[in-house]
J.: 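Can you read through this structure? Questions will come right after.
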Amino acid sequence: MSNALAPIKLDDVRSGEQGELIQLVSFNLAQEEYGVDVLKVREIIRMPTITRVPNTPHYVEGVINLRGKVIPIINMRKRFCLAEAEYDKQTRIMVMDVGGELMGFIVDAVSEVIRISSSEIQPSPAVVSSGIDQECIAGVINQAERLLVLLELEKIFTQDERQLFSNL
Amino acid sequence: MPIDCEDQELLEGFLTETTELLEKLDDDLVALEKTPSDTDLLNQIFRSIHTVKGASSFLGFDLLVRVTHKTEDVLNRLRKGELLVTPEIMDVVLEATDLVKTLVADIKGGDIVDREIDETVNKLIPLLSEQAQQPPAEPAAEPTNVGAGIEPPAAAAPSASSEPTSAAGQPSAQPESPTPTSPLPPAVSAAPAVKKAAPPKPADNKGGDDLSDSSTVRVDVKRLDDLMNQVGELVLERNRMIQLNQDLQGGSSDHILFGEEFGKLTKRMNFVTSELQMQVLKMRMIPVEKVFKKFPRIVRSLSRDLGKEVDLQIFGEETELDRSVVDEIGDPLIHLIRNAMDHGLETPEERLAAGKPRTGTLVLAAVHEGNSIIISIKDDGRGIDTERVGRKAIEKGLISEEQLTAMSQREMFDLIFLPGFSTKDKASDLSGRGVGMDVVKTNIKKLNGLIEIKSEKGLGSEFILRLPLTLAIIQSLLVEVEGEVYSIPLSSVLETLRVDQRQFHVVGGQEVLKLRESVLPLIRLEQVFKVQRTAERDDFCYVVVIGAADKRVGLVVTRLVGQQEVAIKSLGNYLANIPGIAGSTILGDGRVTLIVDPVGMIDSGDTAAAGR
């Protein structure tokens, strides 16, 4: 078995013969495919009207009304310094639970929910594509045809940024 | 030791009860000192302390029983005329009340500390033996009081309640027995608690540090009934709505009829929901008395400490406001009162020399005005000496000489709010650290309130606080800034003007507008919020004059949209503390609109002014 070769980064994964079965929601961002833990995703919605919030980091697109609750929206392309793109019919907001609070993340498209065994998660190579921060990459999943980057969105805001947010 | 009480509900009832009684007790005791002959009041005090004693002995809080018991004995002697009300006796009784509060706070904290109570109790004992034939009071001595008359069962109850067996027999009746005339709350809350003793509810006994807890609310039954009625109506309207939809879908109603019916329904819904909103708001409202009743006690002890004679007059304590506001205004008011006592009022000698009555007057008044409450603290003392204030401010390096000469009288008054400002050369334990007024300003700003100072040298000063009634739902003014809609709390809006931009002047890089006699600094919202310009600049624009605490600025906007009642929604932790934004709200069409933070705006105006 290859699990000895793959130091597992997810905290909640127990070591086992096959590893634990986990479900991921996969989404696209600038031709790359990413995955996040399905349990963190609250819902996936189409683009509503976004209210701009002044004096925030450039990747904060604004806030939306999610059934009476106001939640902030982060543009993932901007956050990861990818080329900006027009919103189209595929554009979605993934509403996720990040550190106990709901936040929306704009992604190019959401494709499917996939099941993988935690043993399939490999450590991320030293240099990963484009500008995605190393900290929030929990690993990569290499299945026959596809390469999926596993993200941990809790870490999308570095400590400094969290500070910045609350001290702005 | 942890509290061993099998019935949490009973305990909670006791705590709510006792806290309320104690709060009132302070007030009553101070009132008693002024009118020693008021037997009704004395009886009321006696009943309160007696109720506390009865309930605590029932629940087995021995320390509490010992203190309350002795206090009760002293009060009983006062009641029978064996002792006369003197400030010295009141000092001791008040000290005992404080001890009772500490003990109750311990119980509330969930842990009984073995406190030293003998010191206070020993102070009470001489009052019992002094010029008296009866031995120092012990439970056994109680029955001799029976003859005392006004309330025969009064003496019977304490002895009964100290016996667990009889107390267990009719627990709820015991505390009630001495008060047949005025039904004190214990029976009301204790009785249901006893009945419900069987299902052990895991009640959380967190408890606050201070006695005034905000975790539970007592609501008038009438208000609950009203609320139920409103909800009933709302359900009816909902059914009507479902019916309308079914008719339309099923084809038994055409669009014209539907439109008509729907219009009616909308009106009724509007009516019911606004009523409902009012009812719920009312439930959150508590009389400002909750804060005010602490003050007679504070004023009394301050006046004794300072050697000043003060007549505190309180008006409008029944004025209601939101609990969130009530919780916040306590501290600022205490500071203002201290300030008036310490700096405002003179000593009796000084007053007589100035040709004023010996006793100073301090008036605390609350009144509703539209959607705000106005609280004023007025004294007839020496007033604010602007010259001295100005000099001190320069001495402390808070302002420069040139700044002072350019100041209006109002601006000079505002100097006292500067952190670090004090006219005292030495800090006493009462004042002089230059913190108090800063606290006042900060808290009032936090509540989106305004402070106004009126003062005349030699005649006295008045601090007027204007506060919003509630913090959850506010009236707001919707404005458009180059296509984006923002909402400004109406409580901070003083006026709106339509002006020609050519009337703006620039003073030291800051745009200003001459408004009547004053010069108003302007803030362009489009710049602060970095809004992209969509249209050509129009010559005419609107200026919304806002004020917070003691300052005023004008916000330049493109257009006024209208006035709307909005519910404040937080932006969450990640977007908290954005400069100039207080929160957000959702408009009728579902869009989110940001609420402008008037305080932040004014502060940013300050920094802009300071930076030039």
Side-chain angles (χ1 to χ4, degrees), chain A residues 40 42-43 45-76 78-79 84 93-106 136 152-168, chain B residues 273 277 472-473 476 478-488 523-534 555-557 561 566-597 600-601 603-604 607-608:
Chain A
K40 299 277 181 206
R42 284 299 167 83
E43 58 190 291
I45 53 174
R46 288 167 196 276
M47 294 294 290
T49 329
I50 297 180
T51 304
R52 197 183 64 90
V53 180
N55 303 323
T56 47
H58 70 285
Y59 51 82
V60 175
E61 205 72 2
V63 288
I64 60 159
N65 166 17
L66 183 75
R67 292 184 304 277
K69 207 171 163 8
V70 176
I71 62 167
I73 300 297
I74 309 287
N75 189 326
M76 292 285 257
K78 287 187 187 168
R79 175 65 188 82
E84 285 179 43
I93 290 179
M94 296 173 70
V95 179
M96 281 185 270
D97 186 329
V98 182
E101 286 209 38
L102 289 186
M103 289 187 113
F105 295 87
I106 302 175
C136 55
E152 248 187 298
L153 287 169
E154 253 89 14
K155 296 189 181 140
I156 196 165
F157 302 116
T158 58
Q159 201 54 42
D160 288 351
E161 278 172 316
R162 280 169 187 269
Q163 289 275 312
L164 190 70
F165 268 122
S166 51
N167 290 335
L168 261 173
Chain B
T273 43
Q277 184 192 333
I473 296 182
S476 75
L478 298 181
V479 297
E480 190 194 303
V481 183
E482 301 287 341
E484 290 185 6
V485 177
Y486 289 91
S487 150
I488 303 173
I523 294 175
R524 283 182 183 271
L525 276 190
E526 66 198 60
Q527 280 170 10
V528 180
F529 293 156
K530 303 188 177 70
V531 185
Q532 302 227 321
R533 189 178 301 275
T534 49
L555 302 180
V556 183
V557 301
V561 180
V566 298
I568 300 178
K569 305 261 178 190
S570 119
L571 282 172
N573 282 346
Y574 291 105
L575 295 181
N577 307 324
I578 298 172
I581 302 290
S584 64
T585 186
I586 297 170
L587 296 183
D589 59 2
R591 268 187 310 161
V592 180
T593 296
L594 300 176
I595 299 173
V596 174
D597 171 19
M601 276 296 149
D603 283 350
S604 72
T607 43

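From a predicted model like this one, the values you see are computed outputs, not experimental measurements.
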J.: Can you give me the closest heavy-atom contact between B/L594 and A/R52, atom names plus distance?
T.: CD1-O, 3.4 Å
J.: So, for B/K569 and A/V70, which heavy atoms are closest and what is the spacing to 0.1 Å?
T.: CB-CG2, 3.7 Å
J.: Should the heavy atoms of other residues, nucleotides or ligands under 6.0 Å from NZ of A/K40 be counted, would the total exceed 12?
T.: no
J.: Measure across B/V592 and A/N65 and return the closest heavy-atom pair with its distance rounded to 0.1 Å.
T.: CG2-N, 3.3 Å
J.: Do A/N55 side-chain atoms and B/K530 backbone N/O form a donor-acceptor pair below 3.5 Å?
T.: no
J.: Given a strict heavy-atom distance threshold of 4.5 Å, which part of B/V531 is in contact with chain A: side chain, backbone, both, or neither?
T.: both
J.: Does CZ belonging to B/R591 count more than 12 external heavy atoms closer than 6.0 Å?
T.: no
J.: side-chain contact (heavy atoms from CB on, under 4.5 Å) for A/T51 and B/T593? Distances and angles first, verdict last.
T.: CA-CA 7 Å; A/T51 304; B/T593 296; 5.9 Å; no
J.: Flag the pair A/P54 / B/I581 as yes when at least one side-chain heavy-atom distance between them is below 4.5 Å, and no otherwise.
T.: yes
J.: Which pair of heavy atoms, one from B/L571 and one from A/P72, lies closest together, and at what distance?
T.: O-CD, 4.3 Å
